[in-house]
Amino acid sequence: MKFTRPRGTSDILPEQQKYWNYVLDTAKNTANKFGFQSIETPTFEDTNLFKRGVGEGTDVVMKEMYSFNDLGGDSITLRPEGTASVCRAYIENGMKNQPQPQKYFYNASMFRYERPQAGRLREHHQFGCEIIGDENPEYDAEIIQLGWKYIKNLGLRSVKLKINTLGDSKTREKYLRDLSNYYKQFIHKLPKIDSVRLARSPLRLLDSKEAVTKELSSDAPKSVDYLSEESKIHWERLISLLNKFAENNEDFHYEIDNKLVRGLDYYNRTVFEFIPKNSGTQGTILGGGRYDPLIEMLGGTPTPGIGFGSGIERMIIELKKQKVEIPGNQTIDVVIIHMGEVLEELWGLISDLRDNGLSTVFAPNRSMKSQMRYANNINAKIAIIVGPDEISKESVNIKDLSSTGSQKEVNLESDVIIRYIENIL
RNA sequence: GUGGGUGUAGUGUAGUGGUUAACACGUCUGGUUGUGGCCCAGAAGAUCGAGGGUUCGAGUCCCUCCAUCCACCCCA
């Protein structure tokens with residue numbers, strides 16, 4: 001084979017489209033219910049936007065970015081995530097002059113140079129939502145509820161919500177110091193990977209998979225115990241709002257997980273993740289958190305924000321796994337079966353059928369039997385059969401392709417035909 | 001980036017080192033004049049992931065590369 005798709009990318013074939021349409025329609029409808037509006041930003045941005053926003057020390061920036069110099073010599077990067085771009089757009093377009101907070105959603109390709117495996121691609125799609133311009137915990141609760149509703153509306157079950165708070169930047173410093181000092185006591189016991197990680201990002205040790213580290217982590221300092229007064233109030237308020245929400249939504253559950261960390265630098269306070277039970281290692285289906293420092297880091301006036309990203313491909317994997325019923329693909333209403341040189345006589349009719357909302361195709365120019373088989377194979381509902389006989393009588397034969405198979409001859413007049421067909425459908 | 005598994009028509013599979021690589025589904029064509037689904041018959045479709053090597057002989061054994069899957073890592 002001469003050409004194959006680049007590693008870690010995928011072709012989304014027609015038969016898969018029903019999943020995509022279903023997920024995206026559900027996403028959009030749910031977000032609209034919460035007052036979110038669609039936003040789109042460029043596929044590539046100035047490399048520095050991500051270095052600054054996502055964080056120079058993160059894996060995403062250090063080794064996963066698709067960066068290149070364009071012909072003008074500027075360093076460009078295919079976006080690895082959505083939030084930095086949306087915040088850039090917010091700043092650049094003066095959105096702080098709109099009513100606050102602003103609520104956006106987007107669906108876009110994300111690019112990360114990673115080793116592909118199931119649920120992890122080099123190009124993947126994310127549906128994301130952001131609330132920018134208000135730091136109150138009501139919005140934390142709202143965005144989490146939106147995430148939950150979205151998953152719920154898709155028909156997924158057994159999805160676990162984990163939440164945690166990382167505190168704000170001031171208290172985080174002290175927490176990180178204590179946390180890293182805690183692990184340092186056991187430095188000789190730590191596995192290699194984790195002793196390396198300790199220097200770079202001590203938070204990561206909390207969700208380490210190494211048995212030794214796991215055990216140590218259970219007694220490690222918790223970020224909840226380091227919260228400033230404001231952050232503590234924020235956190236408690238969020239919890240109480242979630243409890244309130246649970247009263248009206250019996251199957252809404254959350255689990256506070258002090259070991260939950262997220263890989264991007266801009267998160268503070270609330271972080272959360274939705275994970276299907278029994279999912280593999282690439283399980284997270286939706287994840288996000290608060291990023292109050294981000295806009296200022298990008299050069300805007302200090303403006304708080306919170307949001308999430310959710311992988312469409314992972315969502316579809318889960319829908320298939322749980323065998324959720326998905327509305328079917330595009331169907332064909334009418335197939336024109338034509339014998340002899342009559343197709344031209346029907347050209348106007350075909351156009352009229354389409355104009356009246358009936359999806360219509362003509363069968364390929366083959367034997368009649370073959371044309372009927374074609375009609376059957378594409379799951380068409382109605383066949384309009386025309387040959388020289390019908391043309392001379394100025395009529396057509398209309399056959400119902402459902403189980404009845406009944407057939408009737410009607411005049412070759414678009415109005416009459418359309419009325420007759422609409423009656424059957 | 002690290003470790004392991006896998007790689008045979010469009011898809012899913014079979015194939016003790018030995019003639020023209022098999023089966024199912026799908027596609028196409030027929031099964032008397034212009035009627036689908038079921039059934040029957042036939043056809044097309046694979047340089048056995050790529051390139052080297054061992055051998056009289058390789059889909060089968062060895063090496064390299066590529067892709068894919070699993071775990072690490074990371075994250076959606």
Side-chain angles (χ1 to χ4, degrees), chain A residues 1-2 4-10 13 15 23 54 58-64 79-83 107-128 147 151 191-194 196-197 200-201 204 207-210 260-264 267 271 273-276 279-288 307-318 335 337-340 342 363-364 366-391 397-407:
Chain A
M1 198 158 329
K2 190 97 185 184
T4 56
R5 59 200 191 297
R7 185 170 196 196
T9 61
S10 60
L13 301 175
E15 57 187 2
V23 170
V54 178
T58 59
D59 280 35
V60 170
V61 169
M62 284 200 307
K63 43 190 204 196
E64 296 181 357
R79 68 175 156 230
E81 60 97 51
T83 302
N107 164 244
S109 281
M110 303 297 163
F111 305 86
R112 291 180 201 166
Y113 188 82
E114 298 190 90
R115 181 103 167 221
Q117 68 188 74
R120 189 170 75 183
L121 298 162
R122 289 187 173 176
E123 179 185 14
H124 77 278
H125 297 76
Q126 273 186 40
F127 166 67
I151 290 167
K192 261 173 269 162
I193 325 162
D194 283 332
V196 172
R197 275 196 291 201
R200 210 177 72 227
S201 67
R204 291 249 77 101
D207 64 353
S208 171
K209 271 151 197 140
E210 300 289 333
L260 176 64
V261 237
R262 314 222 72 240
L264 313 181
Y267 287 118
V271 291
E273 261 176 30
F274 287 86
I275 307 160
S279 66
T281 166
Q282 308 300 328
T284 303
I285 227 174
L286 184 152
F308 67 72
S310 147
I312 309 287
E313 285 87 348
R314 286 190 187 174
M315 216 50 110
I316 291 173
I317 289 172
E318 196 57 28
V335 178
I337 309 288
H338 51 102
M339 307 302 297
V342 302
R366 303 199 286 235
S367 73
M368 175 151 193
K369 186 192 203 69
S370 174
Q371 290 190 40
M372 288 301 288
R373 276 181 176 159
Y374 175 82
N376 193 57
N377 289 348
I378 63 172
N379 263 313
K381 296 177 187 138
I382 301 280
I384 295 182
I385 301 164
V386 186
D389 293 358
E390 284 85 355
I391 293 296
N397 269 297
I398 299 180
K399 178 161 182 162
D400 183 351
L401 291 176
S402 66
S403 51
T404 72
S406 62
Q407 185 169 322

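Sequence lines set the chain letters: A, B, ... in the order given, protein chains first and strands last, and positions in each chain run from 1.
Between the base of B/A76 and the side chain of A/Arg112 there is a donor-acceptor pair shorter than 3.5 Å.
Under the ring-ring contact (aromatic ring centres under 6.0 Å, His included) criterion, A/His125 pairs with A/Trp20, not counting sequence neighbours. Remark: A/Lys63 pairs with A/Asp59 by the side-chain contact (heavy atoms from CB on, under 4.5 Å) rule, at least two apart or across chains. Partners of A/Arg122 according to the salt bridge (Lys or Arg N to Asp or Glu O under 4.0 Å) rule, which considers only residues two or more places apart in sequence or in another chain, do not exist here. Legend: residues meeting salt bridge (Lys or Arg N to Asp or Glu O under 4.0 Å) with A/Glu318, ordered by chain and number and at least two apart, are A/Lys321. In terms of the salt bridge (Lys or Arg N to Asp or Glu O under 4.0 Å) criterion, residue partners of A/Lys381 (sequence neighbours excluded) are, by chain and number, A/Asp333.
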Under 3.5 Å, sequence neighbours excluded: what are the donor-acceptor pairs made by side chains of residues 113-121 of chain A?
{"from": "A/Gln117", "atom 1": "OE1", "to": "A/Arg120", "atom 2": "NH2", "distance (Å)": "3.4"}
{"from": "A/Arg120", "atom 1": "NE", "to": "A/Arg115", "atom 2": "O", "distance (Å)": "2.8"}
{"from": "A/Arg120", "atom 1": "NH2", "to": "A/Arg115", "atom 2": "O", "distance (Å)": "2.6"}

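Nearest-nucleotide positions on RNA chain B place A/Gln407 closer to the 5' end than the other of A/Gln407 and A/Gly309.
Here the closest heavy-atom approach between residue A/Glu123 and residue A/Ser109 is recorded as OE2-OG, 2.7 Å.
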For nucleotides 38-43 of chain B, give me every protein contact, N/O to N/O, under 3.5 Å, one pair per line with atom names.
none

So which protein nitrogen or oxygen atoms get under 3.5 Å of nucleotides 3-7 of chain B's nitrogens or oxygens?
{"from": "B/G3", "atom 1": "O6", "to": "A/Arg115", "atom 2": "NH2", "distance (Å)": "3.3"}

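A salt bridge (Lys or Arg N to Asp or Glu O under 4.0 Å) check over residues 371-380 of chain A, counting only residues at least two apart or in different chains, returns nothing.
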